[in-house]
Amino acid sequence: MNIYILDVNDLFNDLFNELVDHTAFSLFVIVLSSIGYYTAIIIYTRLFGKRSFSKISSFDFAMTVEVGSITATTILSESVSFIEGALGLLMIYTLQLLAAYFRRYHWFRNLINNQPTLLMEGQLILRGNMKAVRVTEGDLRPKLR
């Protein structure tokens, strides 16, 4: 009969080391990938239209997606340490803060904010505008009710 004695100190030390295990290179990669993913999400959402998020900016959408992704990956992945996840979140919040700062400039606001698109003028449906923002008449009719 084997008797195992659980050493709480060893268990705590192993757990702590697993949470904060990282290298300088891995932190650098996280900084670059955070900037890259954040930028890619913004570009894609600007290119592919307003259909998905008419009320929020591309930057707000990017932050929401990135925070959820980093949090889930950090919690569920054994290969990402707590420190690495925290650094990724810090980068996303820093980018959001920079975006908020630059929104004071007109050129930047125009670049990131979704401008409203007129879909109807009186009773006339503006099909060209609907096509430009990828909205169908089937999408529009329930909103009119």
Is Arg103 reaching over with its side chain to a backbone N or O of Arg109, donor-acceptor style, under 3.5 angstrom? no
To the nearest 0.5 Å, what is the distance between CD1 on Ile35 and CD1 on Ile92? 8.5 Å
CG of Leu90 to CD1 of Ile83, rounded to nearest 0.5 Å, is 11.0 Å
With sequence neighbours left out, the residues meeting ring-ring contact (aromatic ring centres under 6.0 Å, His included) with Phe108 are Phe59, Phe102
Would you indicate whether the side-chain heavy atoms of Val133 and Leu119 approach each other to under 4.5 Å? yes
Do any N or O atoms from the side chain of Asn129 and from the backbone of Leu118 form a donor-acceptor pair under 3.5 angstrom? yes
What distance do Glu66 atom CD and Leu95 atom CG have between them, rounded to the nearest 0.5 Å? 9.0 Å
Apart from Leu32 itself, what residues make up its hydrophobic cluster when side-chain heavy atoms of I, L, V, M, F, W and Y under 4.5 Å apart count as a link, directly or indirectly? Phe28
Would a distance-only check, ignoring hydrogens and angles, find a side-chain to backbone donor-acceptor pair under 3.5 Å from Ser69 to Val65? no
If you round to the nearest 0.5 Å, how far is CD of Glu84 from CG of Leu89? 12.5 Å
dist Asp139:CG -> Arg134:CZ (nearest 0.5 Å) comes out at 13.0 Å
I'd like to know if Ile70 and Tyr93 are part of one continuous hydrophobic network [Ile/Leu/Val/Met/Phe/Trp/Tyr, side-chain heavy atoms within less than 4.5 Å]. yes
What are the two closest non-hydrogen atoms of Leu140 and Met130, and how far apart are they? CD2-SD, 3.9 Å
Glu137: what forms a salt bridge (charged side-chain N to carboxylate O under 4.0 Å, His left out) with it, not counting sequence neighbours? Arg127, Arg141
